[in-house]
Amino acid sequence: MILKCDKFLPISSLSDVRFTQWLDQVKQMDWSDYELWVYGGILDKPITRDIDASLIGPWAPDRIRLLLDGMYQIAFELQIEPDIKYQTIEQLTQPDSPLLSGYPPGMLLVGNKKLLCGKLGDGNLRWKQSKFIPRSYWTKTRKQLI
């Protein structure tokens, strides 16, 4: 899948019109056994350039790709820059876990720039190293949406 967006527009908060449109459409997907958590600028800043989020749930590569691809496609249609990754709770809470985050495998085109996040690997996802975030920080600065 190739996703294309000529220009991303900033979003202001969880109540931003484009963000609520995005979330309403995303909620229509099958979220059985999965959660969506947001963090970063959408919660902490008056204006942010992207949606920082994690898809949390069991290892089922086809399902994960379907959810990630869907969230990215909807975001691109609304000119919202997504930074959404698959992770497990253990990856976020255990310092000795392999902190790899899974991203959609497809090509992203922004204007004329080609973007790929991480290296293609297990489950046909792109994997990128993430830094460990202590559980106390994670629960204070994140919000579960689904």
Worksheet item: Should L66 and W22 be regarded as members of a common hydrophobic cluster, given that ILVMFWY residues are connected when their side-chain heavy atoms come within less than 4.5 Å of each other, either directly or indirectly?
Response: no
Worksheet entry | In one Ile/Leu/Val/Met/Phe/Trp/Tyr side-chain cluster, 4.5 Å: L9, L14 | no
With a 4.5 Å heavy-atom cut-off, do [X] and [Y] have their side chains touching?
X	Y	result
D44	Y39	no
I146	M29	no
M71	L36	yes
I84	L68	yes
K143	L145	yes

[X] side, atom [atom1]; [Y] side, atom [atom2] - distance, nearest 0.5 Å:
X	Y	atom1	atom2	result
S12	I42	OG	CD1	7.5 Å
R65	L55	CZ	CG	12.5 Å
I74	D69	CD1	CG	11.0 Å
D6	Q79	CG	CD	8.0 Å
Q21	E77	CD	CD	11.0 Å
L78	C5	CG	SG	9.5 Å

Nearest atoms (heavy-atom pairs only) where [X] meets [Y]:
X	Y	answer
Q87	S101	NE2-OG, 2.7 Å
I80	R18	CG1-NH1, 3.2 Å
V38	A53	CG1-CB, 4.0 Å
D52	D50	OD1-OD2, 3.3 Å
I64	P58	CD1-O, 3.7 Å
P82	Y72	CG-CD2, 3.3 Å

Can you check whether [Y]'s main-chain N or O pairs, donor with acceptor, with [X]'s side chain at less than 3.5 Å?
X	Y	value
E35	I56	no
R63	D30	yes
Y86	S54	no

Item to complete: Please confirm whether W31 and Y34 have ring centers closer than 6.0 angstrom.
Response: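 That pair fails the under 6.0 Å test.
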Practice prompt. Assess the pair F76 and F8: is the distance between their ring centroids shorter than 6.0 Å?
Written response: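 So the answer is yes for these two rings.
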Practice prompt. Answer yes or no: are there more than 12 heavy-atom neighbours, outside K4 itself, under 6.0 Å from its atom NZ?
Written response: yes
